[in-house]
Structure formats: structure tokens, C-alpha cells
Amino acid sequence: MQASARQGDITVGILALQGAFAEHQAMFQKLSMKRRLHIVQVRTPEDLKKCDALVIPGGESTTIALLARLAGLLQPLRDFVKSRPVWGTCAGAILLAQAVEGMKKGGQELLGGISVTIMRNGFGSQAESFEAPLDVQGLRDPDQPFHGVFIRAPVVLSLNPSSGDPPIEIVSRLPTSLLPYNHSLNALDEEDSDPRDPRTIVALRQGHHLLTTFHPELTKDDRFHEYFIRQCVLPSLSS
Ligand SMILES: NC(=O)CC[C@H](N)C(=O)O
């Protein structure tokens, strides 16, 4: 299923129901690439059909899921995730998770696609939003830290890949000193803090899917957008 307008072009959709979709669009439009990149805002199943890949922005995951249902997009999105690359940032990361904790009563609809359990607002409330320099595997100019903007960000609680799933590659972690020492997460004892604790993971890739719990689109740094195209989208077009 290659839906691009012209042979060799790439069409990336941004789910544009709520949240920071315009910022993602602006970032992709700045990328200089050998192949032609078309960016489309996705609000309907017809829009989605045009896309080779999709970005689900940050915002409010419950609202995005509700609007997707109203737009008749939930099932098309679930089908899309099964076969095409998708990148979820923050609220988008929650929607791509296989399971979520910290739900309001009534639960939340997810798209699935990435074999993780995630906790909404795991770092606390808006007031506990923070920024941190991140070391990231595989970005252009790897010695330059990436400025991570965490806004009511989710926390990865566990990785649960099944035997047939693509392996999970950890792309970036926070130092344990920045983990939320709050009641909802069974605060770690500084002494037993383990740098491999899944809660330190803030970016990961599973096959053609990318998850970031922070907001690369709210920086001036296009390296994550370029990474998504290079590591997730281009390989999916040739496979
Ligand atoms: N910045 C964000 O995307 C916040 C995500 C939000 N806390 C949610 O649960 O959907």
C-alpha cells in the first residue's frame, strides 16, 4: 500500500484532531530531503488513505481518541498502525501503547502498536512539567544533546514484546535522578535506582513505530523528524 502522489514521493500525515499538529507540520516542512515530502493533515479516513506514515501529536489523549471515534477514524487508525509507520509524541505515545495505567473511570480507547504499558501524567501535573537535555541514539550530530520538553508526560512502566513482535530499541533515557519520585509510581529509593529501569525510557522504536514521551515539535531541532523519516518511514517503503 503505497499511497504517495508521485513515485518516490513520501506522504506523511499528521493526525489533526487536537493538539500540536501544526508544529509537527512546520517541522517536517523545514526538513531538507532528497525525496519529496508531502505533509497532510488527517481528519478523515479519506485523508488517512493518502498517507505512507502518520504522526500522532501531543495534546490530550482522551480527547484525541474521542474525536477519532466521532470522525470514524478509530478502526482505520488501528488498521493503519498494523501496516504503516506511526510516531506518537506524548498523548500520541499513549495512544500507541498496548496498555495504559492511570486512567479515569470508563477507560480510554487505544490504537496499540507498541508493546509497552504506559502511565498517563506519570511525572505529575502541569506544574511538574520540565525540560531536560537528552542523549539520543541514532540522531544526526549524536554528540549534541536533544532538548526534551516534557509536558504532563507519560511514563513507560514496562516493555512487553511477545515473541513475534519486532524488538524494541531504546532510543533515549532520562537519568534516574530525573524520575518522578511521586506516590503514583512507587517512588524509587535513590539507592536502588537502576539506570535500566523502564521508567527512564523516554524514546523508543519498535519496528516502524516510534514513541517519544516528550515534544520534539516544540523545539527548533528537526533531528527527531529526520530520524523518523530515515529509521521508520524509508525502510517501510522498501520492505
Ligand atoms: N503533552 C501531552 O501530550 C500531554 C498528554 C496528556 N497528559 C494525556 O494524557 O493525554
Side-chain angles (χ1 to χ4, degrees), residues 1-4 9-15 24 27-28 31 33 35 37 39 42 48-58 61 64-65 68 73-100 109-118 134-140 142 146 154-173 196 198-217 223-239:
M1 182 190 83
Q2 166 137 8
S4 289
D9 292 1
I10 304 170
T11 301
V12 176
I14 322 266
L15 190 62
H24 270 296
M27 195 66 103
F28 279 117
L31 278 187
M33 288 191 46
R35 298 176 67 160
L37 200 58
I39 308 300
V42 172
L48 188 60
K49 284 194 190 122
K50 299 178 198 146
C51 301
D52 297 306
L54 183 74
V55 177
I56 307 179
S61 52
I64 296 173
L73 263 168
L74 261 188
Q75 195 53 45
L77 283 168
R78 287 187 176 130
D79 294 341
F80 192 91
V81 166
K82 290 196 183 106
S83 60
R84 307 301 313 162
V86 184
W87 173 17
T89 55
C90 202
I94 296 168
L95 290 167
L96 281 185
Q98 179 185 67
V100 65
E109 291 181 284
L110 301 175
L111 304 176
I114 299 192
S115 320
V116 297
T117 299
I118 212 164
L134 301 173
D135 285 332
V136 184
Q137 300 296 316
L139 286 193
R140 195 177 78 226
F146 193 90
V155 168
V156 174
L157 295 180
S158 60
L159 309 180
N160 341 299
S162 314
S163 56
D165 290 344
I168 292 180
E169 183 189 319
I170 299 189
V171 176
S172 185
R173 288 184 187 268
R196 288 162 309 163
R199 294 174 293 183
T200 60
I201 299 169
V202 292
L204 62 82
R205 183 166 70 83
Q206 185 175 30
H208 298 150
H209 296 330
L210 179 63
L211 175 157
T212 54
T213 62
F214 52 96
H215 289 269
E217 77 286 7
R223 286 181 293 162
F224 255 101
H225 290 75
E226 193 248 354
Y227 175 95
F228 177 60
I229 302 290
R230 178 164 42 83
Q231 295 289 350
C232 302
V233 182
L234 291 177
S236 80
L237 297 177
S238 52
S239 64

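Here the structure is a predicted model, which means the values were calculated and not measured.
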Quick one: list whatever passes ring pair (Phe, Tyr, Trp, His ring centres under 6.0 Å) with Phe214, sequence neighbours left out. Phe150, Phe224
Verify whether one side chain among Ser83 and His208 offers a donor that lies under 3.5 Å from an acceptor in the other. no
Applying side-chain contact (heavy atoms from CB on, under 4.5 Å), can you list everything that pairs with Ala93, at least two apart in sequence or on another chain? Ile118, Leu211
So, taking the atom named CG in Asp52 and the one named CD1 in Ile10, what distance separates them when rounded to the nearest 0.5 Å? 7.0 Å
For Leu74, all residues meeting side-chain contact (heavy atoms from CB on, under 4.5 Å), sequence neighbours excluded: Ala68, Arg69, Arg78, Glu109, Leu111
Which atom names give the shortest non-hydrogen contact between Gly13 and Val42, and what distance separates them? CA-CG2, 3.8 Å
Residues forming a side-chain hydrogen bond (donor to acceptor under 3.5 Å, both in side chains) with Thr212, sequence neighbours excluded: Trp87
Quick one, Leu210 and Val55 - any side-chain contact, counting heavy atoms below 4.5 Å? no
So do the side chains of Asp135 and Phe146 get within less than 4.5 Å of each other, counting heavy atoms only? no
By salt bridge (charged side-chain N to carboxylate O under 4.0 Å, His left out) - contacts of Arg230 (at least two apart): Glu226
Using modelled atom types only, decide if a donor and an acceptor are shared between the side chain of His209 and the backbone of Val81 within a distance under 3.5 Å. yes
Residues 161-170, side-chain donor-acceptor partners within the protein, below 3.5 Å, at least two apart:
unit_1 : atom_1 : unit_2 : atom_2 : d
Asp165 : OD2    : Ser115 : OG     : 3.0
Asp165 : OD2    : Ser162 : N      : 2.9
Glu169 : OE1    : Arg205 : NH2    : 2.7

Please examine the side chains of His225 and Pro216, heavy atoms only from C-beta on, and report whether any two atoms are closer than 4.5 Å. yes
For Thr117, give me all partners under side-chain contact (heavy atoms from CB on, under 4.5 Å), at least two apart in sequence or on another chain. Ala99, Glu101, Leu157, Ser158, Asn160
Heavy-atom check, side chain of Leu54 versus side chain of Leu77, under 4.5 Å: yes
How close do Leu110 and Ala97 get, counting heavy atoms only, and between which atoms? CD1-O, 3.6 Å
For residues Val155 and Thr213, determine if any side-chain heavy atom of one lies less than 4.5 Å from a side-chain heavy atom of the other. no
Find the distance between OH (Tyr227) and CD (Gln137) and round it off to the nearest 0.5 Å. 9.0 Å
First locate atom CD1 of Ile56, then atom SG of Cys90, and finally report the distance between them rounded to the nearest 0.5 Å. 12.5 Å
Begin from the C-alpha positions of Arg84 and Ser236 and carry the test side-chain contact (heavy atoms from CB on, under 4.5 Å) through to its verdict. CA-CA 7 Å; Arg84 307 301 313 162; Ser236 80; 3.5 Å; yes
Residues passing the side-chain hydrogen bond (donor to acceptor under 3.5 Å, both in side chains) test with His215, sequence neighbours excluded, are Glu217
Is it the case that the side chain of Arg35 and the backbone of Asp9 share a donor-acceptor pair, with hydrogens and angles ignored and the cut-off at 3.5 Å? no
Indicate yes or no: at least one non-hydrogen side-chain atom of Ile39 is less than 4.5 angstrom from one of Ile14. yes
Heavy-atom closest contact (Gly88 atom, Leu96 atom, distance): N-CD1, 3.5 Å
Heavy-atom nearest pair, Ile64 first then Pro57, reads CD1-O, 3.8 Å
Just wondering, do Val171 and Gln231 contact through their side chains at under 4.5 Å, heavy atoms? no
I want to check something: taking the side chain as every heavy atom from C-beta on, are Leu159 and Ile201 in contact at a cut-off of under 4.5 Å? yes
